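Taking it in order: structure first as structure tokens, then the write-up.
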Amino acid sequence: MNEDGLLFDAPQADDAEGGWIGPAGSKGADDALYLELDGWEGPLDLLLDLARRQKVDLRQISILALVDQYLGYIERAEALRLELAADYLVMAAWLAYLKSALLLPRDEQEEPSAEELALRLQLRLQRLGAMREAAARLMGRDRIGRDIFLRGAPEGIRIDRKTQWKCDSFALIQAYGQVKARTAPRIYHVFDRPVMTLESALERVSAMLGVTLDWMDLREFLPKHAEPRLRKSALASSFVAALELARQGRAEIAQEEIFGSLRLRRIGQ
Amino acid sequence: MSEKPDEVMRAVEATLFASEDALTVEVLAGHLGGIDAAEVREALHALEEYYRGRGIHLVERGKRWHFETAPDLAHLLRREREQVRRLSRAATEVLAIVAYHEPVSRAEIESIRGVQTSAGTLDVLMEAGWVKLAGRREVPGRPVIYATTPEFLEHFGLSSRRDLPGIDELRAAGLLDPVDDALEAAMDREEEADSGAEEDAEEYSSESQA
Amino acid sequence: MSEKPDEVMRAVEATLFASEDALTVEVLAGHLGGIDAAEVREALHALEEYYRGRGIHLVERGKRWHFETAPDLAHLLRREREQVRRLSRAATEVLAIVAYHEPVSRAEIESIRGVQTSAGTLDVLMEAGWVKLAGRREVPGRPVIYATTPEFLEHFGLSSRRDLPGIDELRAAGLLDPVDDALEAAMDREEEADSGAEEDAEEYSSESQA
């Protein structure tokens, strides 16, 4: 939020207190313009302090007088070769501009008008002043541990939670049944499935190859009228048998294309 | 003032006396088991009355009740060792701004103070338990916003935020409104009056009604 | 009982309230600065009388005075809140195993259940008063063994452990049939809602593979 960007669009100093220390002994040299050892929390703080010294309601302060006081202060600080934080200088420059604008005839002023800028500054000072006062009143209240005390040794109240467990005998017995069922030895039944072993496939394929010299499709080696599951097993076993025969140099295998039919022929001896 | 305290009063009295923390009506009713909240509230008010004028008072702070010593006895009880954390000026100012403007974002605090708030300042207030995060404001950037806690009210002896010193006057004077709103109202006034003097007291006091 | 407490009474009342320790008449008198011990004593007795019958009493113990909660309200300071919770499935199983096989060691329970049993499960059963330590088994390692209690029999309406149905009866009742996964899942979910079964959730998922 930068509603007051006009005033504070320059980098602001950190609010470390004491970053802005005047030389000791200068205090009281000038009633309106002394250098406080405590320093201020930024230019607005200094302005508020100066405004307060006008000893009037913040709503009635003279902005022109305030500007002069601030600029005088800054000049004085510079004469004393004090390191001034950048935002104090930014504020000084802005106030110098404000002052010159306020002195111009009204119809020569730019927008926003100098009066508006001055009013805005005044409103800000009022708000900061109000909060500063509120803070002081708050801190001055009767405070716990300083002015008002709580009981020194309270016994303390405590709620102990006690659990009442609930379970019935059916749940108990059922749980035991489940343990038993879960951990009982299991008997596995493996059913016989119709298969053609590799041995029988080898025997069958080599026997059938012996009958002819022509290429034969692998499927022709499979038992006809076999049930589908046996056919599947026979196809797998016969394929492996064909590879085995090829390895032994007793048969050759051909396939025209990928996934094409596999043909088989005896190698004549 | 009843001559003889009834059982609910005695129970409420004993529980609050023994408790380490301030308790709400609801917590009290819950603790006492099955006692109606209205009945507890009634007992609290009877006790509050009963303890008026005594060395100990029963007080309500942010809807929580506790016993504490009477403020006028502070001179007898004030301890040599400072038990209260000394806050820096920046921290007291930030605390006041949070209390009077809550919920408030850090940028809003900074715009009132005219300086950046160092990270430590809000931390100190949160550590003291007086300020807490109160969510985010639903505007671009979703800034975190801050508010005060019941412990804040308790520590400073405030029944509620309405008890903040001078808050009604500040609100009436528009001093809790953003500068922009106040500026707009003042400019409107000025146009009507068609007078340019910034020192015109009447004008500014009329702002407060705007 | 004085209708309006005098200033000494108020000061004594507040001082004792705020003090962390019980205080003697002399310490009180010293603290209150220049008040006669006799006057303090008088105030203490007046206050003692004043608080009689209230939720708080002012009492003297070994010459030192302090406030305390009325003895008949002591129960308010330590409230017990009972809550009924269903035993988790793991705990029910362990309880059943203890009942059928007692005395058993934890290792034996685990070997019967086929899964690890968290220490908390047996604690819960002991807290419930249904299982107790029954010594140690005189084998290497001397493991602790567990058995059921008379409260267990009472709670489950059994006159003796022999009333528990045997394996054959369980089978006849269909209780040895494996539960289907859906039911198991449903029960797990129920247990989670019941809470207290967090440590068992993993056990079950590994059980289902077992």
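The chains referred to below are lettered A, B, ... by the order of the sequence lines, with proteins before strands, and numbering in each begins at 1. Just so we're clear, the structure is a prediction, and the values are computed from it rather than from any experiment.
Of the possible donor and acceptor atoms, one in the side chain of A:Arg124 sits under 3.5 Å from a partner among the backbone N and O of B:Ser111.
Using a 4.5 Å cut-off on side-chain heavy atoms (C-beta onward), B:Leu170 and A:Met131 make contact.
Closest approach of A:Ile144 and B:Glu154 over heavy atoms only: CG1-O, 3.2 Å. Taking every heavy atom of both residues into account, A:Leu150 and B:Phe67 meet most closely at CD2-O, 3.5 Å. A pairwise comparison of heavy atoms in B:Phe17 and A:Arg151 identifies O-NH1, 2.9 Å as the closest pair. Across all non-hydrogen atoms, the minimal contact from B:Ala74 to A:Asp147 is CB-O, 3.2 Å. Summarising the geometry of B:Ala18 relative to A:Pro154, their closest heavy-atom pair is O-CB, 3.3 Å, with the distance given to 0.1 Å. The minimum heavy-atom distance linking B:Asp177 with A:Arg127 is given by the pair O-NE, 2.7 Å.
B:Ile167 does not touch chain A: none of its heavy atoms, backbone or side chain, sits under 4.5 Å away. For a residue to count as touching a neighbouring chain, one of its non-hydrogen atoms must lie under 4.5 Å from one of that chain's; by this rule B:Leu164 touches chain A with the side chain only.
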Please output the side-chain donor-acceptor pairs of residues 91-102 of chain B that fall under 3.5 Å, not counting sequence neighbours, one pair per line with the distance.
residue: B:Thr92; atom: OG1; partner: B:Arg89; partner atom: O; Å: 2.8
residue: B:Glu93; atom: OE1; partner: A:Arg132; partner atom: NH2; Å: 3.2
residue: B:Glu93; atom: OE1; partner: B:Arg113; partner atom: NE; Å: 2.9
residue: B:Glu93; atom: OE2; partner: A:Arg132; partner atom: NE; Å: 2.9
residue: B:Glu93; atom: OE2; partner: A:Arg132; partner atom: NH2; Å: 2.7
residue: B:Tyr100; atom: OH; partner: B:Pro165; partner atom: O; Å: 2.6
residue: B:His101; atom: ND1; partner: B:Ile97; partner atom: O; Å: 3.2
residue: B:Glu102; atom: OE1; partner: B:Thr148; partner atom: N; Å: 2.8
residue: B:Glu102; atom: OE1; partner: B:Thr148; partner atom: OG1; Å: 2.5

Side-chain donor-acceptor pairs under 3.5 Å in residues 133-142 of chain A, sequence neighbours left out?
residue: A:Arg141; atom: NE; partner: B:Phe156; partner atom: O; Å: 2.6
residue: A:Arg141; atom: NH2; partner: B:Gly157; partner atom: O; Å: 2.9

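For the atom pair A:Ile157 CD1 and B:Leu16 CG, the distance stands at 8.0 Å (nearest 0.5 Å).
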I would like to know whether A:Leu119 and B:Leu183 meet side-chain contact (heavy atoms from CB on, under 4.5 Å); could you show each step before the answer?
CA-CA 7 Å; A:Leu119 179 56; B:Leu183 187 69; 3.7 Å; yes
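Enclosure of atom CD in B:Glu184 is not indicated, since only 12 or fewer non-hydrogen atoms of other residues, nucleotides or ligands lie within 6.0 angstrom.
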